[in-house]
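Working notes, beginning with the structure itself.
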There are 2 protein chains.
Amino acid sequence: MEKSNAVKSLTALAQESRLDIFRLLVRKGKTGMAAGELSDYFGLPKATMSFHLKELTNAGLITARRKSRSIIYAANYDNMNALINFLVENCCSDNGGKC
Amino acid sequence: MEKSNAVKSLTALAQESRLDIFRLLVRKGKTGMAAGELSDYFGLPKATMSFHLKELTNAGLITARRKSRSIIYAANYDNMNALINFLVENCCSDNGGKC
DNA sequence: TCTATATTTCCATTATAATCGAAATGTTTT
DNA sequence: AAAACATTTCGATTATAATGGAAATATAGA
């Protein structure tokens, strides 16, 4: 993962509502949830939810797919893992690998 | 890890200089690096570096210890791992554990 | 095609964060 | 106790992000 992408992802997660949304989608698996469902679930206005979903999508942390009238959002596990690997990369390598 | 702590940690990491600093300290292991060394290494003014180190410290991502005249900063691996676990907690549990 | 439904964009308002020179604080050495 | 060194705090400036109602866009079903 590139650094600019990592900063974008971390910025997306560094906000209480978006962290809640992401963690719920992480639990939900590939089934995901519709934008309106998420809006109802968290009691957030649709415009606010849409803004947050866009931030998470632009960061690559979640994906969007249309299903009939709804748009279903789901966690992007590959990018989530890439972000985590970026954070711990070369852990303690300058200390002889001893952590 | 509590959610408010997670948001604080992610906010701390969601900034290019601080992400660089943290990742360097992750590589350095418990030996760590002095504030002034970090300031020289990244070419940042001492006041700016101090501000960023405080943010990372308040978030619990790094620790500070005095060694003679210098203050040595080092990654807090326990809290780093706690943050990662918080992000992936109950992954896919609402989808029968299938990711 | 017309209506209902789902989501997004627009935009104005409000709130929060980053930057860094200069001054202040704390520590060691002579 | 004074000088030298290391880091932090102060404070003014500049930049970026969150919020949500109303209007716009897009799809589905009668």
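We name chains A, B, ... by the order of the sequence lines, and we start the count at 1 in each one. Hydrogens, waters and symmetry mates play no part in the numbers below; they use all other heavy atoms, side chains included.
One atom, CZ of B/Phe51, and another, P of C/dA18, lie 4 Å apart when rounded to the nearest Å. Going from atom CD1 of B/Ile71 over to atom C1' of C/dG26 covers 9 Å, rounded to whole Å. As a whole-Å value, the separation of B/Lys46 NZ from C/dT19 P is 17 Å. Rounded to a whole Å, the CD atom of A/Gln15 is 11 Å from the P atom of C/dA17. In this structure, the CE atom of A/Met49 is 15 Å from the P atom of C/dT9, given to the nearest Å. At whole-Å resolution of the value, CZ in B/Arg65 and C1' in C/dT27 are 17 Å apart. A straight line from CD of B/Glu55 to P of C/dT19 spans 11 Å, rounded to a whole angstrom. Residue A/Leu10 contributes atom CG, which lies 16 Å from atom P of C/dA17 at whole-angstrom precision.
First and last contacting nucleotides of DNA chain D toward chain B (any atom under 4.0 angstrom from a heavy atom, 5' to 3' order): D/dA4 to D/dT9.
Of all heavy-atom pairs between A/Lys67 and A/Ile72, the closest is CB-CG1, 3.7 Å. Between A/Tyr77 and A/Gly29, the shortest heavy-atom distance links the atoms OH-CA, 3.1 Å. In this structure, A/Ala59 and A/Ala12 approach most closely via the heavy-atom pair CB-CB, 3.9 Å. When all heavy atoms are compared, the tightest approach of B/Glu89 to A/Arg27 is O-CG, 4.1 Å.
Phosphate contact (OP1/OP2 of C/dA6, side-chain N/O of A/Tyr73, threshold under 4.0 Å): absent.
Each of B/Ala47 and A/His52 has a nearest nucleotide on DNA chain D; the 5'-most of these lies closest to B/Ala47. Residue-to-nucleotide proximity on DNA chain D shows that, of A/Ser17 and A/Lys67, the 5′-proximal contact is made by A/Ser17.
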Under the criterion disulfide bond (SG atoms under 2.5 Å apart), I'd like the reasoning laid out for A/Cys91 against A/Cys99: C-alpha separation, chi angles, the key distance, then a yes or no. CA-CA 8 Å; A/Cys91 183; A/Cys99 255; 3.3 Å; no
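Test A/Leu19, A/Leu61, A/Leu25, A/Asn76 against A/Leu56 for side chain to side chain contact (heavy atoms under 4.5 Å, CB included) and you get one pass: A/Leu61.
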Throw together a table of side-chain donor-acceptor distances under 3.5 angstrom for residues 33-49 of chain A, partners on residues two or more places apart or in other chains.
from	atom 1	to	atom 2	distance (Å)
A/Glu37	OE1	A/Ala34	N	2.9
A/Ser39	OG	A/Leu44	O	2.7

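Using a 4.0 Å heavy-atom distance criterion, A/Ser50 is classed as a base contact. B/Thr48 comes within contact range of at least one nucleobase, with a heavy-atom separation under 4.0 Å. Among the atoms of the strands shown, only primed sugar atoms or phosphate atoms (P, OP1, OP2) are found under 4.0 Å from some heavy atom of B/Ala35.
Comparing atom distances between the A/Ser70 side chain and each of C/dT27, C/dA6, C/dT9 picks out C/dA6 as nearest.
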